[in-house]
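Chain naming here is simple, since letters A, B, ... match the order of the sequence lines and numbering starts at 1 in each.
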Amino acid sequence: MNNIKTRFAPSPTGYLHIGGARTALFSYVYAKHFGGKFVLRIEDTDFERSTKEFEADIMDSLKWLSIMPDEDIVYQSQRLDIYKSYVDRLLKEGKAYYCFCSKELLEEDRSRLASEGKKPMYVGRCLNLKPDEIDLSKPHVIRFKVERGQGLTTGFKDLIRNQFVSFNNNEIDDFVLVREDGIPTYNFAVVIDDALMEITHIIRGDDHVSNTPKQIMLYGALGFKIPEFAHVSMILGQDGKRLSKRHGATSVNQYKKEGFLPEALVNYLIRLGWSHGNDEIFSMDEIIRYFDLKNISKSAAIFNIEKLLWLNSHYIKSKDPFDIINLLNDIKASSEKPLINDIQTVSLIDSLKSRVKTLAEFRQKLNFFINEELGYKAELLSEFNFNEGDLFFLQEFKTFIGSLPDTIFNYKGGLNDKTGIINFIKNSIESIKQEFNNFLSRNNWTMKEKAMIIRLALTGERVSPPIFEIIFALGKIRCIKRVTEFYEFINL
RNA sequence: GGCCCCAUAGUCUAGCGGUUAGGACGUUGCCCUCUCACGGCAGUAACACGGGUUCGAAUCCCGUUGGGGCUGCCA
């Protein structure tokens with residue numbers, strides 16, 4: 001199969017959400033798998049609700065996920081004359097007709113049919129208007145004339161279900177092609193564009209299956225080649241209901257802000273509905289290599305943040321500390337100081353990366369390092385009941401820190417020598433560990449009994465990376481300062 | 001209501017007529033251990049129900065139930 005072309009066609013009436021991102025991803029990797037093209041079309045014919053902000057959000061989010069179009073972006077709002085020429089043709093060929101029914105009248109018809117237990121459809125009032133009844137100066141829409149008749153059906157083979165889905169034509173309304181304001185509707189514009197853009201495979205959400213027969217009729221009426229269709233099931237919230245704001249973060253950008261990595265989101269999204277044996281971890285290249293519509297699940301999937309978090313922590317762990325510093329600086333608040341690429345920061349980042357699930361959490365765990373003042377919490381006093389022995393220990397510990405050779409902390413190599421930096425850190429921490437163990441055994445103390453007070457003194461927290469790594473990251477001066485402060489804190 | 005789609009553990013899924021129903025997240029226990037993680041090991045938990053077809057069904061067919069979508073001059 002060659003010359004595959006897929007598209008993602010969002011309407012800028014909302015942020016790019018998880019579901020949209022997944023269909024975009026499916027479309028993108030499907031095209032790439034076959035060496036084809038992926039394109040983007042902005043369906044901005046709803047002037048009421050479309051905004052430039054949403055459009056920018058969608059573009060930024062797709063870019064962040066590395067889903068890039070191969071051609072210039074197409075805007076439906078700039079193609080109005082094209083749609084007009086095609087509707088004129090349908091009108092001339094008697095495949096479409098003017099309708100002057102008011103919205104109120106249609107609403108009446110619909111509610112009456114509904115109350116009779118019938119399907120609320122257009123009753124065809126304007127189907128056979130005489131020429132003198134057509135006054136185009138009056139408000140009107142243009143409707144498609146659906147062919148009806150004994151057992152006439154319209155269907156298509158869905159590539160994901162791998163079966164035909166067909167609809168009785170009698171079920172299909174004479175849907176509106178062009179609105180009162182002259183703007184084409186979705187079902188009309190989408191067909192013109194997909195045909196003209198030579199889209200071969202339409203991969204979209206499940207919510208479009210019932211639009212498909214309408215579109216297929218249009219392809220037929222216009223003499224266009226009918227593309228392949230693949231309808232991906234929806235993503236639902238934890239409660240099994242359609243994903244919405246009440247399920248928390250649903251926009252891609254929100255996940256970015258909360259410190260998720262794009263590779264984690266891509267990996268999560270691709271596995272939500274698609275599988276390749278028992279594999280779980282996929283890079284974009286691997287996804288493209290293995291992706292196939294046949295392996296997409298037919299059933300709806302529930303969005304599960306736990307698994308996304310697991311993947312995110314996996315990708316955080318696999319990054320080197322230098323990259324993580326950049327990532328943290330990318331998402332930092334403007335009021336926060338950026339992290340510096342120095343050896344202390346690198347060492348702490350490296351130690352912390354296996355202890356966090358998001359970048360936001362990462363930043364949080366860095367607080368004791370970033371902030372100069374710790375502000376020990378009063379509750380620690382009652383919880384730990386420090387005594388004279390502890391005060392004595394702190395004094396001794398302070399002396400110990402002071403005695404550590406400066407060479408342990410001072411890196412002389414180049415800052416671009418990543419391996420050198422990592423090795424230096426590793427050796428330094430090992431040295432601190434040995435010195436500290438000597439210090440303990442000299443005094444007949446054990447690690448277990450002294451670790452917590454050091455941790456509290458140096459970080460103000462009950463939980464932290466290992467002591468030696470903290471000592472290295474903080475350095476002698478800051479350690480001594482904190483031990484002194486903590487001494488005063490518990491001595492009050 | 002009508003039409004369409006779907007159905008393996010709490011969640012994502014493998015399976016494509018014969019398996020002790022596999023993996024992953026979560027969860028539980030143990031190990032590691034200076035706390036917390038990471039890592040390692042072990043455990044937990046599923047074929048919605050009822051009929052067929054077949055020597056044999058999670059797998060094929062039909063119902064039932066449940067869920068989702070659509071039913072707009074939104075996309």
Side-chain angles (χ1 to χ4, degrees), chain A residues 9-14 43-46 48-50 76 99 101 103 106-107 110 113-121 139-143 155 158 160-161 163 165-168 170-173 175-187 189-190 204-213 231 233-234 236 238 240-242 268 271-281 295 297-311 313 317 351-357 365 436 440 446-456 459 461-468:
Chain A
S11 103
T13 54
E43 308 219 324
D44 52 356
T45 52
D46 183 345
E48 300 284 311
R49 298 191 300 144
S50 298
Q76 288 192 327
C99 169
C101 299
K103 288 178 184 172
L106 295 174
E107 190 45 50
R110 267 197 285 268
L113 287 167
S115 67
E116 290 170 8
K118 290 179 188 161
K119 182 171 173 131
M121 288 175 63
H140 63 277
V141 300
I142 299 170
R143 288 182 183 274
D158 189 280
I160 285 170
R161 274 145 263 277
Q163 67 175 29
V165 180
S166 77
F167 296 77
N168 190 315
N170 293 326
E171 291 289 330
I172 298 162
D173 223 349
F175 55 98
V176 172
L177 259 23
V178 179
R179 301 186 285 214
E180 216 168 85
D181 58 7
I183 307 299
T185 59
Y186 163 73
N187 277 310
V190 77
R204 65 197 348 177
D206 218 356
D207 47 342
H208 285 295
V209 278
S210 47
N211 283 322
T212 310
H231 291 97
S233 297
M234 314 251 76
L236 310 175
Q238 295 284 13
K241 301 289 181 200
R242 194 178 188 155
Y268 178 72
R271 278 289 290 110
L272 201 62
W274 176 77
S275 61
H276 181 259
N278 281 331
D279 298 348
E280 293 289 349
I281 305 293
N295 300 315
S297 165
K298 293 189 271 282
S299 48
I302 290 176
F303 186 84
N304 181 237
I305 190 74
E306 299 295 334
K307 185 147 183 191
L308 210 208
L309 283 165
W310 171 71
L311 280 165
S313 60
K317 270 178 288 194
S351 172
L352 238 21
K353 70 179 188 179
S354 64
R355 292 161 215 274
V356 300
K357 288 190 159 71
K365 283 210 164 26
F436 186 75
L440 286 178
T446 64
M447 186 67 185
K448 205 168 187 64
E449 63 190 17
K450 297 303 175 198
M452 189 51 80
I453 191 168
I454 298 171
R455 171 169 293 110
L456 291 170
T459 71
E461 301 288 340
R462 296 170 189 78
V463 172
S464 82
I467 301 295
F468 313 121

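- Among the heavy atoms of the strands lying under 4.0 Å from A:Ser210 are primed sugar atoms or P, OP1, OP2 only; no base atom is included.
- Between B:C60 and B:G15, the two P atoms lie 12 Å apart (nearest whole Å).
- Contact check for A:Tyr186 versus A:Asp46: no side-chain heavy atoms found under the 4.5 Å cut-off.
- In this model, the phosphate group of B:C36 is not approached by any side-chain N or O of A:Ser464 to a distance below 4.0 Å at OP1 or OP2.
- In this structure the side chain of A:Phe303 reaches within 4.5 angstrom of the side chain of A:Tyr268, judged on heavy atoms.
- The C1' atoms of B:G68 and B:C31 are separated by 45 Å, rounded to the nearest whole Å.
- A:Phe468 comes within contact range of at least one nucleobase, with a heavy-atom separation under 4.0 Å.
- Distance noted for atom C1' between B:U19 and B:A46: 15 Å (whole Å).
- Across all strands shown, nothing is found opposite B:C36 as a Watson-Crick or G-U wobble partner with both distances under 3.5 Å.
- Look at the P atom in both B:A45 and B:G22: the space between them is 12 Å, to the nearest Å.
- Between A:Arg204 and B:G69 there is no side-chain polar atom (N or O) within less than 4.0 angstrom of OP1 or OP2.
- In this structure, A:Lys241 reaches the B:G68 phosphate: one of its side-chain N or O atoms is under 4.0 Å from OP1 or OP2.
- Around atom NZ of A:Lys357, no more than 12 heavy atoms belonging to other residues, nucleotides or ligands sit under 6.0 Å away.
- Considering only side-chain N and O atoms, A:Lys448 lies under 4.0 angstrom from the phosphate OP1 or OP2 of B:U35.
- Comparing the C1' positions of B:A21 and B:U44 gives a spacing of 16 Å, expressed to the nearest Å.
- The shortest non-hydrogen separation linking A:Gly205 to A:Met234 is CA-CE, 4.4 Å.
- Using a 4.0 Å heavy-atom criterion, one finds that A:His231 contacts no nucleic acid atom at all.
- Interatomic distance, CD of A:Glu43 versus OG1 of A:Thr13, reported as 10.5 Å (0.5 Å rounding).
- Between A:Asp279 and A:Ser275, the residue anchored nearer the 5' end of RNA chain B, judged by the nucleotide with its closest heavy atom, is A:Ser275.
- Within the 4.0 angstrom heavy-atom criterion, only backbone atoms of the sugar-phosphate kind lie near A:Lys298; the bases stay farther away.
- Across the protein-nucleic acid pair, A:Ile454 atom CD1 and B:C34 atom C1' stand 8 Å apart, rounded to whole Å.
- Distance CZ (A:Arg242) to P (B:C5): 18 Å, rounded to an integer number of Å.
- Looking at heavy-atom distances under 4.0 Å, A:Lys317 makes contact with sugar-phosphate atoms alone, never a base.
- When heavy atoms are screened at a 4.0 angstrom cut-off, A:Ile467 is found touching base atoms of the nucleic acid.
- Looking only at distances, no side-chain donor or acceptor of A:Thr459 sits under 3.5 Å from a matching main-chain atom of A:Leu456.
- Taking atom CG on A:Leu309 and atom P on B:U27, their separation rounds to 11 Å, with Å as the unit.
- With P as the reference atom, B:A24 and B:C62 are 36 Å apart, rounded to whole Å.
- Across all strands shown, A:Val176 has heavy atoms under 4.0 Å from sugar-phosphate atoms exclusively, and none from any base.
- Base contact: A:Glu180 has a heavy atom under 4.0 Å from a base atom.
- Residue contacts shown for A:Asn211 include a base, since a base heavy atom lies under 4.0 Å away.
- Contact annotation: A:Ser313 does not reach the phosphate of B:C38 (side-chain N/O to OP1 or OP2, under 4.0 Å).
- Looking at A:Asp206, its side chain has no donor and acceptor atom pair within 3.5 Å of the base of B:G69.
- For the pair A:Arg242/A:Asp207, a side-chain contact is recorded, criterion being any heavy-atom separation below 4.5 Å from C-beta on.
- An OP1 or OP2 oxygen of B:U13 is reached within less than 4.0 angstrom by no side-chain nitrogen or oxygen of A:Lys307.
- Looking at A:Glu280, its side chain comes within 3.5 Å of the base of B:G23 through a donor and an acceptor atom.
- A donor-acceptor contact under 3.5 angstrom links the side-chain atoms of A:Arg355 to the base of B:C36.
- B:G63 and B:C4 have their P atoms separated by 12 Å, given to the nearest Å.
- Nucleic acid contact for A:Pro10: none, since no nucleic acid atom lies under 4.0 Å from a heavy atom of the residue.
- Among the heavy atoms of the strands, none lies under 4.0 Å from A:Gly205.
- The partner of B:A24 is B:U11, by the rule that a Watson-Crick or G-U pair needs both atom distances under 3.5 Å.
- Shown here, B:C3 forms a base pair with B:G69; the pair counts as Watson-Crick or G-U wobble because both key distances fall under 3.5 Å.
- For A:Arg161 against B:C5, no side-chain N or O and base N or O form a donor-acceptor pair under 3.5 Å.
- Positionally, the nearest nucleotide of RNA chain B for A:Asn304 lies more toward the 5' end than for the other of A:Asn304 and A:Asn295.
- Residue A:Ser297 is classed as a sugar-phosphate contact, given heavy-atom separations below 4.0 Å to backbone atoms only.
- Using a distance-only test at 3.5 Å, with no hydrogens or angles considered, no donor-acceptor pair links the side chain of A:Glu171 to the main chain of A:Asn168.
- When both distances must be under 3.5 Å, the Watson-Crick or G-U wobble mate of B:A57 does not exist.
- Comparing the same atom, C1', in B:A48 and in B:C30 gives a spacing of 36 Å after rounding to whole Å.
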